[in-house]
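This chain uses plain numbering: 1 for the first residue, then up along the sequence. Atoms within a ligand are numbered from 1 in the order they appear, just like the ligands themselves. Atoms considered below: every heavy atom in the structure, side chains included; atoms not considered: hydrogens, waters and symmetry mates. Remember, predicted model here, so these are calculated numbers, not experimental data.
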Amino acid sequence: MSSNDNSTGMRTRCVHLGGRPEGNEPFVPTIAQSTVFNLGTAEEAEAIFSGEKPGYAYTRFGNPTVQKLAEAVASLEGGTGAMVTSSGNAATLCAVTIAMAGRKGSLVTHPDIYGGSHELLGILSDTFGLQVNVVNPSDEAAWLKAVWQAGAVLLETPSNPLMRLIDLRSTVEAAHGNGAQVIVDNTVATPFNQRPFSFGADWVVQSTTKYLNGHSNVVGGCLVKREKLLAEDRRVHKNLGGTVNAMEAWLVLRGLRTFALRMEAHNRNGEAIADWLSRHSAVSKVYYPGRGEGRQEEIFAQQMSGGSGFLAFELAGGGEAAEQFLNRMRLVTHAVSLGGMESLATRPAMSSHRGMSPEARREAGIADGLIRLSVGTEGLDDLIADLRQALEQ
Ligand SMILES: *Cc1c(COP(=O)(O)O)cnc(C)c1O
């Protein structure tokens, strides 16, 4: 574990999210499944609408259960304020809209950002003329130059599925040199393993669908701000409309109670399976955070305290071997997504990256024999036994 490890504090924080109940309050937050709230007298309503007195009017504007989730995620990421959204993509849209407001220059991002974010930026670019500049961070000088000229920056580290890391400290420094905000998608690393705010990032985006909820039963998102949320930030959030109801927020709050415990297990299993796969003769390459060429190891030590349970590996036998592997799995399920307690595997060439031409895929490093594996919290021996039989049958 490197010096930015914070697992003990994180364990306690997860169990006590929301703080001690006052008086006779329930320990578990109530589910305020109501669209409207009593505004009281005309004077009280005025105080709520003007923001003079805290209170709720309509769930799209704010809701007590949803607010508890916002505070919980802000606390885990080490941010000051947060806004909950109906999906990770809705959080990215909201963060990009806020960060680009009034800015000249393009939104800088990289080629191996999450596929859904890539498509979202394509739509914003085609429909509204958002200028998007896609730059490869492995050419560090070109990346930092583009970042320095950016209107805002949207990045994801580790990337998906090749687990490439981007240096947060130098990126933030370059962006701030010209007043650009940096949005970090921290879905894969999670705040358990990486806290972008400690490197000066402005926004963190989370798909709570993944590790934060962890139970594969909610699609949701959250955007967290390092500094205090402004009235303008809230105005964008409520009017873009990707907000949630109390029940969904409550399910994620419930998932968060075990977040630290689950991440300890994901980290342990992920690392052990990356090691096991790299020793297997049927596997030609393993992608796991901190293990790539160049400065990857150094960046890992600087900004991550664990690798999570998400990895990818290439089968020496190519596409055919990858198909056979998927068909032979017994414990691991063939399914998209990541971050649940159950192990899932896909073949990017036929799922997340099927829209690309074979040449474009090769250029992006997505081999036909590449398998993406979200390592769950099952017993390590059971997982290895399943991988072994699927590789060797
Ligand atoms: C899944 C995912 C998203 C999008 O989240 P949804 O909840 O599916 O909208 C964004 N970024 C990353 C890294 C993801 O894995």
Side-chain angles (χ1 to χ4, degrees), residues 66 69-70 73 77 82-97 99 107 109-124 137 153-166 168 182-194 196 201 203-224 237 240-245 248-249 251-252 255-256 263 266 270 287-289 304 307-312 335-340 342-346 348 351-353 364 366 372-376:
V66 178
L69 175 57
V73 179
E77 292 284 1
M83 298 183 286
V84 176
T85 54
S86 54
S87 66
N89 256 40
T92 303
L93 171 63
C94 196
V96 166
T97 305
L107 179 77
T109 190
H110 49 100
D112 47 356
I113 194 143
Y114 172 69
S117 309
H118 192 74
E119 285 194 45
L120 170 65
L121 296 181
I123 291 168
L124 296 179
V153 180
L154 172 67
L155 70 88
E156 192 180 317
T157 175
S159 72
N160 168 3
L162 299 181
M163 312 301 149
R164 288 191 187 119
L165 307 186
I166 297 175
L168 287 173
V182 177
I183 306 162
V184 178
D185 184 334
N186 205 31
T187 300
V188 171
T190 82
F192 190 79
N193 291 318
Q194 173 173 276
W203 293 93
V204 164
V205 164
Q206 273 290 342
S207 166
T208 57
T209 314
K210 315 292 168 54
Y211 287 112
L212 292 192
N213 180 53
H215 290 69
S216 304
N217 54 13
V218 173
V219 169
C222 192
L223 63 161
V224 189
H237 172 250
L240 285 181
T243 57
V244 303
N245 292 307
E248 285 156 305
L251 281 168
V252 180
L256 282 178
M263 287 317 297
H266 285 295
Y287 299 92
Y288 191 66
M304 295 189 80
S308 94
F310 200 39
L311 57 88
V336 297
S337 197
L338 68 128
E342 68 290 348
S343 294
L344 307 173
T346 54
S351 54
S352 53
H353 293 69
I366 310 294
R372 194 184 90 159
L373 182 63
S374 174
V375 180

So, S374 side chain and G339 main chain: donor-acceptor pair closer than 3.5 Å or not?
-> yes
Indicate the atoms forming the closest heavy-atom contact of S86 with T243, along with that distance.
-> CB-O, 3.7 Å
Within the protein, residues bringing a heavy atom under 4.0 Å of ligand 1, chain by chain | S87, G88, N89, Y114, E156, D185, T187, S207, T209, K210, V219, G220, L338
Are a donor atom and an acceptor atom from the side chains of E156 and S117 found within less than 3.5 Å of each other?
-> no
Trace of the side chain to side chain contact (heavy atoms under 4.5 Å, CB included) decision for V73 with V204 = CA-CA 10 Å; V73 179; V204 164; over 6 Å; no
Of the non-hydrogen atoms in H110 and S159, which two are nearest, and what is the gap between them?
-> CE1-CB, 4.5 Å
Could you tell me whether the side chains of T187 and D185 share a donor-acceptor contact shorter than 3.5 Å?
-> yes
